[in-house]
Structures are given as structure tokens and as C-alpha cells.
Amino acid sequence: MALERFEEQDFLACCGSTKFAKEMVLASPFTSLEEAIAAARNIWFNKVDVNGWLEAFSSHPQIGQSASSAHTSHTAAQWSKGEQSTALATSTGSSLQELSDWNAQYRQKFGFIFIICASGRSTAEILAELKKRYQNRPIVEFEIAAQEQMKVTELRLGKLFSTKTKPASTGKQHPTVLATKVEDRVAVIGGHLKAAPNPSSDKASQVPTRTRPPITTHVLDVSRGCPATGVEVRLEMWKGSQPRPLFDKTDIGGWIFQGSSITDVDGRSGQLMSIVNDVNPGIYRISFNTGKYCPSGFFPFVSIVFEIKESQNREHFHVPLLLSPFSFSTYRGS
């Protein structure tokens with residue numbers, strides 16, 4: 001089994017504690033990511049002192065802001081940008097201002113910035129968690145912040161290991177094991193969070209012939225910082241006896257298959273339905289076989305139900321999935 005050896009600066013990008021980075025170097029090389037994570041948890045919780053925890057906290061930018069190159073490495077800054085990409089993609093000017101105000105209150109109370117594993121979380125989710133944790137006693141919140149820091153460290157160790165893994169000479173390659181630069185993968189995430197350009201005009205009367213189906217999707221693996229390739233996707237439309245599916249009613253036989261596909265190397269699905277100018281209004285369900293893509297994850301599959309109204313029949317609906325082993329989120333693209 002291959003031994004993975006990294007430098008102190010590599011581990012410092014994963015966790016901003018100098019003590020942590022030095023201890024990880026002493027504990028290496030590692031035969032697997034799992035072994036590295038086990039060592040990291042032991043070092044972080046048993047060998048790094050309070051000052052080391054605070055040093056790691058201070059290496060993070062405030063949620064909603066960019067990392068300063070003066071306080072962190074280029075790699076760590078790029079990782080941080082990718083981890084906050086969902087929050088930034090779902091933010092507004094007012095929500096960012098509210099987040100900034102609450103961050104200031106939090107820092108004044110606890111003495112350090114609000115630490116949360118932001119990967120895959122929207123601005124609203126982060127803000128709600130900040131307000132909730134603000135009520136904690138300082139000793140309790142300090143421990144929670146340390147736990148969140150460990151979550152971030154584990155994600156970054158995964159990214160670090162993926163940069164060292166060599167692709168096999170034959171056979172199908174999973175995109176997360178290619179030896180690409182971390183900043184390249186983060187850039188891909190940032191690009192994909194912006195929906196593909198919509199050729200439509202704002203006025204329905206000026207809508208040209210479509211060049212793609214009215215409903216599209218793509219899947220991003222935010223835990224690895226890259227598109228999710230090979231995810232099975234299925235699109236259905238509600239045709240049940242009731243006008244719409246209900247939460248407390250069985251829906252067997254109510255969903256009618258529209259199309260299916262598998263995400264490509266960019267995480268985008270193939271054609272899930274015909275290319276038509278006017279999409280039929282109604283309720284649709286798009287499902288992702290996340291259990292097959294990530295067998296060790298929490299979700300065996302993920303389904304997203306949405307409604308297209310009569311007045312929206314010429315719009316484009318882009319329904320991306322931001323996926324990690326234990327969480328997922330989505331938003332309406334255009």
C-alpha cells in the first residue's frame with residue numbers, strides 16, 4: 001500500500017494550527033486518508049492546546065468574506081473560497097450585511113470568529129446556526145467551534161490526498177482521483193454554481209427556439225471540490241388522481257417517467273426531456289441516485305419536487321444538486 005507523505009505547509013493549509021501541522025508531519029506517512037483523519041483527530045483534540053485552537057480559528061476568513069493572503073496560504077484561501085461557494089451563491093446584499101453584523105456580535109462575545117463547516121450550506125442556514133449558537137455559554141461554544149474546525153480539516157485532508165493520487169493506466173477514472181490542482185477544482189465549483197447561460201430573452205414574445213431542454217441539472221460534489229460524475233438522474237411528472245402529491249398520501253403510480261441520464265465529467269446530466277419551446281406546466285420530480293455514487297453516505301437517494309406554472313412555461317429551470325456525504329442542498333437556477 002502506498003505511503004503518502006506531505007510537508008508541514010500542506011497540513012497547515014488543512015488546519016491553521018502550527019502545532020497541528022508539525023504533529024501531523026511527525027505522524028506521517030499515512031497509508032490512507034482514513035489513517036490520516038484518525039491521526040488528525042487525536043492530535044487536534046489531545047495535543048493541540050487552546051492557543052493552537054485559536055490560531056486555527058484566526059486563519060479562517062469571516063463567513064461571507066475572502067481569505068487574506070497575509071494570514072493564510074494560497075491553497076487554504078482557494079479551499080475556503082470553495083467551501084463558502086454555496087453561501088455566496090445563495091446570498092443577497094441584505095443577507096450578507098446581516099451575516100456581517102451577527103459575526104461582529106459573535107466575535108465581541110466569544111473573542112474569535114464564528115467557525116462553521118460551510119461546505120454545502122446556504123447563507124440562510126449559516127445565519128440561522130450563528131444566531132442559535134450565539135446563545136451558548138463561551139465554554140460550550142469554544143468546544144463546538146473546535147468540532148466544526150475538525151470537520152473542515154477532514155474535508156481538506158480529503159482534498160489534499162486527492163491531489164496525490166495517481167490515475168490508473170487503464171479503466172474508467174473517477175474525477176476525484178485525478179491529480180489536478182486543488183485550485184482548479186475549486187474554480188470548477190465556482191463556475192458551476194452559476195447556471196449555464198440562458199439564451200432566452202426576458203420577454204416571452206422574444207424567446208427564441210430553445211437549444212436545450214427546459215429542465216436541466218448538474219451535480220457538484222462539494223466535499224471533494226469537483227463535479228460529480230456518474231450520478232444517475234431521473235425526471236418524472238405528476239399525473240396522479242389528485243391535483244398534486246400530498247405529504248401524507250401515497251403517490252404510487254402518480255409519477256410518470258419523462259427521461260433519465262447519467263452525469264458527465266462536468267457533473268451535468270444528459271437530455272432528460274425533449275427540447276420544446278413550451279414546457280407543460282405541472283409538478284415535476286427530479287431524483288438522484290446518490291446512494292450508488294456515495295455508498296457510505298447518508299442518503300440512499302435524493303428527490304427534489306418543484307412546480308412549473310402556466311406563466312412559466314417558456315422559462316428554463318436549472319435544478320442543481322450540491323452534494324456531500326451527509327448533506328445536500330439545491331437552488332433554482334435560470
Side-chain angles (χ1 to χ4, degrees), residues 6 8-25 36-37 39-88 96 98-121 123 125-160 182 186 222-223 225 324 327:
F6 300 96
E8 183 177 324
Q9 63 183 13
D10 296 322
F11 293 120
L12 198 59
C14 296
C15 175
S17 163
T18 304
K19 172 69 172 177
F20 173 86
K22 291 181 180 297
E23 290 289 339
M24 285 293 286
V25 171
I37 288 177
R41 293 188 66 84
N42 178 57
I43 291 169
W44 176 247
F45 291 112
N46 298 317
K47 296 185 178 181
V48 178
D49 59 18
V50 169
N51 290 325
W53 282 12
L54 291 173
E55 181 187 14
F57 295 169
S58 66
S59 70
H60 291 280
Q62 181 175 293
I63 296 294
Q65 295 182 352
S66 300
S68 170
S69 58
H71 295 89
T72 188
S73 68
H74 174 71
T75 298
Q78 291 299 311
W79 281 345
S80 178
K81 180 181 178 181
E83 290 154 5
Q84 292 195 41
S85 58
T86 302
L88 295 176
L96 284 178
E98 185 178 11
L99 188 60
S100 177
D101 294 342
W102 273 94
N103 266 307
Q105 293 181 54
Y106 179 97
R107 186 162 193 165
Q108 183 175 10
K109 177 178 180 178
F110 297 109
F112 51 86
I113 69 167
F114 177 64
I115 302 296
I116 187 172
C117 185
S119 184
R121 294 182 182 236
T123 297
E125 291 173 323
I126 292 174
L127 188 56
E129 186 66 16
L130 195 163
K131 292 177 180 179
K132 177 183 176 182
R133 284 170 50 184
Y134 181 78
Q135 308 303 320
N136 291 332
R137 292 180 297 138
I139 188 65
V140 173
E141 183 57 23
F142 194 45
E143 175 68 21
I144 293 175
Q147 294 281 356
E148 291 296 310
Q149 171 63 54
M150 192 64 242
K151 293 178 185 178
V152 173
T153 301
E154 290 180 14
L155 288 177
R156 294 185 178 185
L157 282 171
K159 296 172 185 177
L160 182 64
V182 170
V186 174
V222 295
S223 68
S324 67
S327 68

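Position 1 is the first residue of the sequence; numbering continues from there.
A donor-acceptor pair is defined here as one N or O able to donate and one able to accept, closer than 3.5 Å; no such pair exists between the side chain of Glu154 and the backbone of Ile37.
One distance of note links CD1 of Ile144 with CD of Glu148; it measures 8.0 Å at 0.5 Å rounding. Going from atom NZ of Lys159 over to atom SG of Cys14 covers 9.5 Å, rounded to the nearest 0.5 Å. Here the straight-line distance linking atom CD of Glu143 with atom CD1 of Ile139 works out to 8.0 Å at 0.5 Å rounding. To the nearest 0.5 Å, atoms CD (Glu125) and CG (Leu130) are separated by 13.5 Å. Atom OG1 of residue Thr123 and atom CD of residue Glu98 lie 10.5 Å apart, to the nearest 0.5 angstrom. Considering CG of Leu96 and CG of Asp101, their distance stands at 11.0 Å, rounded to 0.5 Å.
A search for salt bridge (charged side-chain N to carboxylate O under 4.0 Å, His left out) contacts involving Glu8 returns Lys22, not counting sequence neighbours.
Close placement of the Trp53 and Phe142 rings is indicated, their centers lying within 6.0 Å of each other.
In this structure, the side chains of Phe20 and Leu12 stay at 4.5 Å or more apart for every pair of heavy atoms. Side-chain atoms of Ile115 and His60, non-hydrogen and from C-beta on, do get closer than 4.5 Å to each other. Considering only heavy atoms from C-beta on, Met24 stays 4.5 Å or farther from Phe6 through its side chain.
A pairwise comparison of heavy atoms in Phe57 and Ile113 identifies O-CD1, 3.7 Å as the closest pair. Contact record, Gly52 with Ser17: O-CB, 3.4 Å, taken as the closest heavy-atom pair. Heavy atoms only, all atoms of each residue included: Ala56 and Cys15 are closest at CB-SG, 3.9 Å.
Checked against Glu141 for a side-chain hydrogen bond (donor to acceptor under 3.5 Å, both in side chains), the options Gln135, Lys109, Arg133 give a single hit: Arg133.
In summary, the side chains of Gln149 and Thr153 do present a donor paired with an acceptor at a separation below 3.5 Å, with no hydrogens or angles considered.
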List the steps and the verdict of side-chain contact (heavy atoms from CB on, under 4.5 Å) for Phe45 and Gln147. CA-CA 9 Å; Phe45 291 112; Gln147 294 281 356; 3.6 Å; yes
